[in-house]
Amino acid sequence: MAEVVSPVPGAGRREPGEVGRTRGPPVADPGAALSPQGEIIEGCRLPVLRRNQDNEDEWPLAEILSVKDISGRKLFYVHYIDFNKRLDEWVTHERLDLKKIQFPKKEAKTPTKNGLPGSRPGSPEREVRKTLDLSLQPASAQASGKTLPIPVQITLRFNLPKEREAIPGGEPDQPLSSSSCLQPNHRSTKRKVEVVSPATPVPSETAPASVFPQNGSARRAVAAQPGRKRKSNCLGTDEDSQDSSDGIPSAPRMTGSLVSDRSHDDIVTRMKNIECIELGRHRLKPWYFSPYPQELTTLPVLYLCEFCLKYGRSLKCLQRHLTKCDLRHPPGNEIYRKGTISFFEIDGRKNKSYSQNLCLLAKCFLDHKTLYYDTDPFLFYVMTEYDCKGFHIVGYFSKEKESTEDYNVACILTLPPYQRRGYGKLLIEFSYELSKVEGKTGTPEKPLSDLGLLSYRSYWSQTILEILMGLKSESGERPQITINEISEITSIKKEDVISTLQYLNLINYYKGQYILTLSEDIVDGHERAMLKRLLRIDSKCLHFTPKDWSKRGKW
Amino acid sequence: MSKLSFRARALDAAKPLPIYRGKDMPDLNDCVSINRAVPQMPTGMEKEEESEHHLQRAISAQQVFREKKESMVIPVPEAESNVNYYNRLYKGEFKQPKQFIHIQPFNLDNEQPDYDMDSEDETLLNRLNRKMEIKPLQFEIMIDRLEKASSNQLVTLQEAKLLLNEDDYLIKAVYDYWVRKRKNCRGPSLIPQIKQEKRDGSTNNDPYVAFRRRTEKMQTRKNRKNDEASYEKMLKLRREFSRAITILEMIKRREKTKRELLHLTLEVVEKRYHLGDYGGEILNEVKINRSDKELYATPATLHNGNHHKVQECKTKHPHHLSLKEEASDVVRQKKKYPKKPKAEALITSQQPTPETLPVINKSDIKQYDFHSSDEDEFPQVPSPVSEPEEENDPDGPCAFRRRAGCQYYAPRLDQANHSFENSELADLDKLRYRHCLTTLTVPRRCIGFARRRIGRGGRVIMDRISTEHDPVLKQIDPEMLNGFSSSSQTIDFSSNFTRTNASNKHCENRLSLSEILSNIRSCRLQCFQPRLLNLQDSDSEECTSRKSGQTVNNKRVSAASVALLNTSKNGISVTGGITEEQFQTHQQQLVQMQRQQLAQLQQKQQSQHSSQQTHPKAQGSSTSDCMSKTLDSASAHFAASAVVSAPVPSRGEVAKEQNTGHNNINGVVQPSGTSKTLYSTNMALSSSPGISAVQLVRTVGHTTTNHLIPALCTSSPQTLPMNNSCLTNAVHLNNVSVVSPVNVHINTRTSAPSPTALKLATVAASMDRVPKVTPSSAISSIARENHEPERLGLNGIAETTVAMEVT
C-alpha cells in the first residue's frame with residue numbers, strides 16, 4: 001500500500017529505479033490493496049466501463065485526467081485511450097476496474113518548460129510537473145500528478161517484469177538531450193501504434209528502456225510539434241520542428257484557424273468545460289473545451305440564443321434576451337438559397353460579436369480550432385435551414401479572406417443535431433463552389449479531425465468519381481483525363497485529388513503508364529452513395545462575388 | 001508485380017490518365033502497385049488521432065464496404081432536439097423574404113442592454129414594483145450601465161447617480177442590489193464576457209482568453225503584387241524625407257548666417273554710435289575705401305551668398321575698419337578668438353578677482369557670439385556652448401529680422417547708466433515706462449503723465465493719463481523739469497517686481513509728492529520733452545575723454561538716435577503682435593552685448609586708474625544734470641574701449657572656458673552677499689539727492705564692482721547653457737537692463753538718487769513687455785529649473801550689477 005501511495009504528487013523526486021519498483025506491487029496485486037477512492041489520482045490508467053454503439057459493455061483502457069468530489073462522491077474524468085477526446089467523460093468509481101490500475105510514473109526528469117506542457121488528447125502521457133505542490137494554479141492543480149502511465153506497456157506486453165528490470169539501468173543514463181526527447185516521442189507513437197495495429201513492428205529491445213525514463217520529455221516532444229502543417233508522416237521530422245519551436249512561449253501563428261500552439265495541450269483545455277448547451281430546440285453535449293467565460297462553466301446548461309448565439313446563464317436570461325434580440329437569421333448577407341437551405345456570409349471584422357459567439361460554439365465541437373486570435377481575417381459562411389421560426393443554424397465553415405496556403409476552409413462544422421444527414425458534405429460542396437467562383441483550387445486547413453477526414457474523403461471520392469464516370473469516350477478512344485483537369489473542374493487541390501485516387505486505389509501502373517481503373521465495386525459503391533446524397537449545392541442559386549481582400553487595407 | 005523491373009515514373013499531374021472501366025479493365029494482377037512510385041499523401045490529420053480506434057474502424061469499413069455502415073460510424077456525444085418550450089421561448093414567426101436577406105452594416109448595433117435579467121433580478125423587480133414602476137428593460141439598462149462603468153472597481157453611488165437618470169430611491173435600491181450581487185458573482189462582471197488579453201503578455205497562455213488582437217505585423221506574402229509597389233513607395237518616401245532634411249539643414253545654415261549678420265550689423269551700428277556717426281558720414285567715408293577690404297570681409301562673414309546680406313556687410317565692415325586699429329577688422333577679431341584666448345585663459349583663471357572680471361564678461365560676449373559663429377565658423381571658433389544655446393533661441397520664429405537697406409542704430413548707452421538708489425523710484429519707473437512726465441515744447445508746459453507713441457507717418461502721439469497729481473504737475477515749470485517724477489500712488493507696481501526686489505522694498509520709504517518734486521528739482525528727474533537734436537560727431541578719442549558724455553545733454557540727442565528711439569519706442573508701445581516681441585528680444589540682445597562690453601570696459605577701467613579718476617572729477621564738479629552725462633560718457637568710453645579690447649579676446653575666451661569648464665559656484669554665492677551690502681548703501685543714499693549721492697553711488701560701485709561683476713558673469717554663463725529660454729530671457733533681462741535702451745529713457749535723464757531702482761524698474765518694465773516672461777515668472781522659473789536656492793540670488797546680483805555698471 002505504502003508503495004502504491006508514494007507516487008502521489010509531493011512525494012518528491014524519485015529515482016527512476018525506485019519508481020519502477022514501487023510500481024511493481026500494484027500490478028502484481030492490484031485490487032486487494034487499494035482503497036478505491038484514495039489512491040486514484042490523475043494519470044492513473046485503468047480499464048473503464050463504457051457502453052459502445054452496439055450497446056455492449058467494453059472496458060477500454062482509460063486515463064484519469066481529473067478527479068473531483070461532489071458531495072462526497074468522487075468523480076473521475078477519464079480519457080479513453082485511443083478514443084477521441086470527445087468521448088471523455090466523468091465517471092463514478094464503480095466504472096473503474098481498479099484491479100488493473102496502473103499508476104503514473106512520477107516524472108523525475110524534465111520539468112516542463114513554460115508551463116506549457118501538453119500532450120495531444122490522444123496521447124497517453126500527461127503533463128508532468130516537477131514541483132507540484134508549489135506552483136499550481138487551481139485550474140491545473142489536478143494535473144499535478146505527474147504521470148506517465150507506463151503501465152500501458154505493461155499490460156500490453158507480456159514480458160513485463162523483465163522490462164522493468166531493465167529500466168533502472170537504462171534510465172539514469174538517459175540525458176535530457178534532444179535525442180532523449182526525440183526518442184520518447186518515438187516511443188509514445190509507437191506504443192499507440194502497437195495498440196491499434198499490432199502489425200507495426202516495434203523494436204522491443206529499446207522500448208522498455210526508453211519508455212520509462214522520459215516520460216516528461218516524451219510528452220514535451222509531442223507537445224513541441226509546432227504546426228500541424230509542418231508535421232510530416234515520419235517521426236524523424238519532429239526533431240526539427242521541436243528545435244524550431246521549443247522553449248519559445250510564443251504566440252501561435254496568426255494565420256489559419258486551427259490550433260498549433262502548445263497551450264492547447266494544457267490540462268484545462270483537454271477537458272470539456274461546458275456540460276450542456278441549449279441552442280434553439282437542441283441540447284448539445286460539447287465535445288471539447290471552449291473558452292466561454294469561466295463563470296459559466298459551472299452551469300448545468302448554457303443557454304444560447306439560437307440566432308445571435310449569445311450566451312446566457314439561465315433560461316430566464318435567454319427569455320429576457322429574446323425580448324431584445326430580433327434576429328431571425330445570422331447577421332450577414334444571404335448568398336445562397338435553395339429550398340430551405342441558405343448560406344449567410346459574415347465578415348469576422350464587421351460582425352465581431354456574432355463571429356466570436358459562433359467560434360465559441362464551434363469550439364465545443366472542434367478540437368483543433370484555436371480562438372487565440374480575433375476573427376478579423378475570416379469570413380464565416382453559415383448554413384441555415386429555414387422554418388417558420390427563422391433561419392436555424394445547421395453548420396458553418398470559416399474561411400480566411402486571404403489564404404497563403406490555398407485554404408478554402410479554415411474550420412468546418414455541422415452541429416451535432418444535424419450530423420450524418422449530408423449537411424457536412426453540403427458545406428464542403430459549398431466551399432468548393434465558392435472556390436470555383438473565385439477560380440482557385442482549395443483545400444481545407446489542416447489538421448483534419450477524424451470526422452473531417454472521413455467527410456472530405458467521401459466528398460472528394462464522390463466528386464472525382466462523378467467526373468470520371470461522366471467522361472464519355474470520344475470517337476472510340478478511351479476517355480482520359482489529367483489530374484490537373486480534375487483539379488480545375490472541381491477546385492479540389494491537386495494533392496487532394498491524388499490522395500483520393502490513391503485512397504480509392506484507382507491509380508495503377510499498366511503498360512508503362514498510369515491508368516485509372518474504375519472497378520465494379522467502386523462504381524456500384526459510388527452509385528449507391530450518390531443515391532443517398534440528396535442535398536446538393538445548386539450553383540445557380542449562389543449569388544456570390546468574391547472580393548479581392550489583398551486590395552483592402554487589412555482584411 | 002514482379003514484372004516491374006523498372007521504377008515507375010513519377011505521377012505527372014499534367015499527363016492524361018486513361019480510364020479503364022468494367023470489361024476493359026486489365027487484370028489487376030497485371031497492374032503494378034504504385035505505392036512506391038507515388039508517395040502516399042498524408043491524411044492531414046494529427047498523427048495521434050489518425051490512429052484512433054473508431055476512425056480506423058470507420059476507414060477500414062469504408063474500404064471494405066465502399067460505404068459507411070451504421071455500426072462503423074464514429075460515435076459522438078449525444079444531442080437532443082426536444083426542447084419542448086421552444087415555441088414559447090421563440091415567439092412569433094418569421095416569414096422568409098423573397099429577396100435574399102441583405103443586412104445593413106450599421107443596423108447591427110441596437111442600443112439594447114447587454115445585461116439580461118435573471119430570476120433573482122426578477123424577484124427584486126417584483127419587490128420594487130410594489131413601490132414604484134420599474135420595467136425589466138429599465139432595470140437591465142441600469143445594471144448594464146453600472147457594469148460597463150465599472151472595471152475592477154465598482155462605481156460609487158454618486159457616480160451611479162450621475163450614470164443613471166432615475167429616481168434617487170430607485171438608484172439606491174438597484175445600486176445596493178447590484179453591489180451585493182456583484183460581490184457574490186464569481187465572474188469579473190455580471191455580464192458574462194470573454195476574458196480579455198492583458199497587454200503584459202501574462203495571459204498569453206490562459207486558455208480562457210480568446211480573440212486576442214493580432215498586433216504583430218502580418219507576414220508579407222510572397223506572391224503579393226503590391227509588395228513591389230509598396231517597396232517603391234517606401235523608397236520614394238525615404239528619398240523625400242532625406243531631401244527635407246537637406247532643405248532644413250540649409251535653412252538652418254541660412255538662419256545662422258542671418259544671425260551672424262545681425263550681430264555684425266549690431267556691432268557696426270554700435271560702434272558707429274559710439275563714434276557718433278549718426279549721419280553715416282563715417283560709414284560713407286569708409287564705403288569709398290571698402291573695395292580694398294571687401295574681398296576679405298565678404299567671404300569671412302557670408303556663407304550662403306544671400307545678396308542683401310552681402311550688401312549690408314559691405315556697408316558695415318568698412319565702418320569698423322575705420323574705427324580704430326584694434327577694431328579694424330571685426331571679422332578677423334572673431335577668428336582670433338580660438339587662438340589667443342587659450343594661452344591667456346590659463347593665466348587669467350589664476351589671477352585674482354580684478355583680473356578675472358573681464359574674463360568673465362568676455363564669456364558673456366563669447367556666449368553671445370556663438371550665435372553668429374556656429375556651424376559655418378566652427379572651424380574657426382570652437383563653440384561648445386553654442387549648440388545648446390542655439391537650439392534654445394528664445395526668439396524662435398519671432399526673432400527680429402533685419403531688413404535689407406535699413407539702418408539700425410544702437411540704443412543709447414546712457415539709458416542704462418542712470419543710477420538710481422531709490423528703488424521705489426525704480427518702481428515708478430515702470431509706470432513711467434508707459435507714462436512719464438511730459439513737457440511740451442510748444443506751448444511750453446508740463447502736461448503731466450503721458451506716453452509717447454509714434455503714429456503713422458512718424459507723428460508723435462501723446463497718450464495722457466490723469467493722475468491725482470495732475471494739478472501739481474501742471475504747475476511745474478517745464479524749465480525746471482528736466483527730469484521726471486511720478487508719485488508712487490499712481491503706480492500699480494507689478495507684484496512680481498516687488499517680489500524680486502523684496503529686499504529693497506521693505507526698506508523703502510515712499511516718497512511724498514513734495515519729496516518727489518524736490519527730487520525733481522534737485523535731481524532733475526527725467527521727463528519727456530521734445531527736443532531738438534544736435535548732431536554730435538565724436539570719434540574714439542572723444543569717447544575716451546568725458547567730452548562726448550558731457551556734451552550730450554538732455555536736449556542734445558542726435559537726430560539719428562531719436563529716430564532710432566522713436567522706432568524702437570513705437571515697436572514697444574504697440575501692444576500685442578510679433579513686432580513688439582521681436583523688438584524686445586532684439587533689444588535684449590543689443591543690451592546684453594553692450595552690457596558685456598561695458599563690463600569688459602569696467603575691468604579695463606580698473607587697470608586704467610587715470611580714466612577713472614577723471615570721471616569722478618567730472619561728476620563731482622558737474623551738476624547732477626551733468627552727472628548722468630558723465631555716466632553716459634563713461635559708458636560711451638566703455639563701449640569704445642570695448643571695441644578696442646575686443647580684438648584682445650583672450651580674456652573672454654578664458655572666461656568662457658572657465659565657466660563652461662568648471663562652473664564657478666562661488667561666483668553665485670558671492671554676489672548675493674555683496675549685493676546686500678550694495679543695497680544697504682544704495683538705500684542709505686536713496687533719498688539723498690545731488691552730487692554726493694552720485695559720488696556715493698559711484699564709490700560704492702567702485703568698491704563692489706570687483707565682486708559683483710564676476711559674480712554676475714559667472715552666474716549668467718552658468719544659467720545660459722541650460723537651454724531654457726525663459727531662463728535665458730530672465731537672465732538677459734536682469735543683466736541687460738543695466739544698459740537697457742528701453743525707450744522710456746530716451747530723453748530722460750537718470751537721476752542720481754535711485755539708479756538701482758531705475759534699473760530694476762526698467763527691467764521690470766521691459767520684462768513686462770515681453771508677454772510671457774515676467775520677472776517673477778522668469779525668476780521663479782529659474783528657481784524651478786535649477787532647484788537651487790542660490791539662483792534666486794541671481795536677481796539680486798543683477799540689480800547690484802546694474803548699480804555697478806553705472807559707475
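Note that the coordinates shown come from a computational prediction; the quantities given were computed from them, not determined experimentally. Just so we're on the same page: letters track the sequence lines, and every chain starts at 1. Computed over heavy atoms, backbone and side chain alike; hydrogens, waters and symmetry mates excluded.
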For [X], is it the side chain, the backbone, both, or neither that has a heavy atom closer than 4.5 Å to a heavy atom of chain B?
| X | result |
| --- | --- |
| Ile335(A) | backbone |
| Glu477(A) | neither |
| Leu453(A) | side chain |
| Tyr292(A) | backbone |
| Thr298(A) | side chain |

Partner chain A: residue of [options] with the largest heavy-atom pair count (under 4.5 Å):
| options | answer |
| --- | --- |
| Leu55(B), Val83(B), Ile59(B), Ile101(B) | Ile101(B) |
| Asn87(B), Asp12(B), Asp206(B) | Asn87(B) |
| Leu137(B), Val76(B), Val209(B), Asp121(B) | Val76(B) |
| Ile74(B), Asn82(B), Asn84(B), Asp114(B) | Ile74(B) |
| Gly92(B), Ala13(B), Pro136(B), Ala210(B) | Ala13(B) |

Run the salt-bridge test on Lys324(A) and Glu140(B) with the 4.0 Å N-O cut-off and return the result as yes or no. yes
Looking just at side-chain N and O atoms, do Asn508(A) and Thr517(A) make a donor-acceptor pair shorter than 3.5 Å? yes
So, using ring-ring contact (aromatic ring centres under 6.0 Å, His included) as the criterion, who are the partners of Phe307(A) when residues are at least two apart? His392(A), Tyr90(B)
Could you work out, with ring-ring contact (aromatic ring centres under 6.0 Å, His included) as the rule, every residue matching Phe289(A), not counting sequence neighbours? Tyr208(B)
Mind running side chain to side chain contact (heavy atoms under 4.5 Å, CB included) on Ile483(A) and Leu501(A) for me, showing each step along the way? CA-CA 9 Å; Ile483(A) 289 170; Leu501(A) 293 174; 4.2 Å; yes
Could you tell me which portion of Gln99(B) (side chain, backbone, both or neither) has an atom closer than 4.5 angstrom to a non-hydrogen atom of chain A? backbone
Relative to chain A, which segment of Gln96(B) carries a heavy atom at a distance below 4.5 Å: side chain, backbone, both, or neither? both
Just by distance, do the side chain of Arg212(B) and the backbone of Thr203(B) share a donor-acceptor pair under 3.5 Å? yes
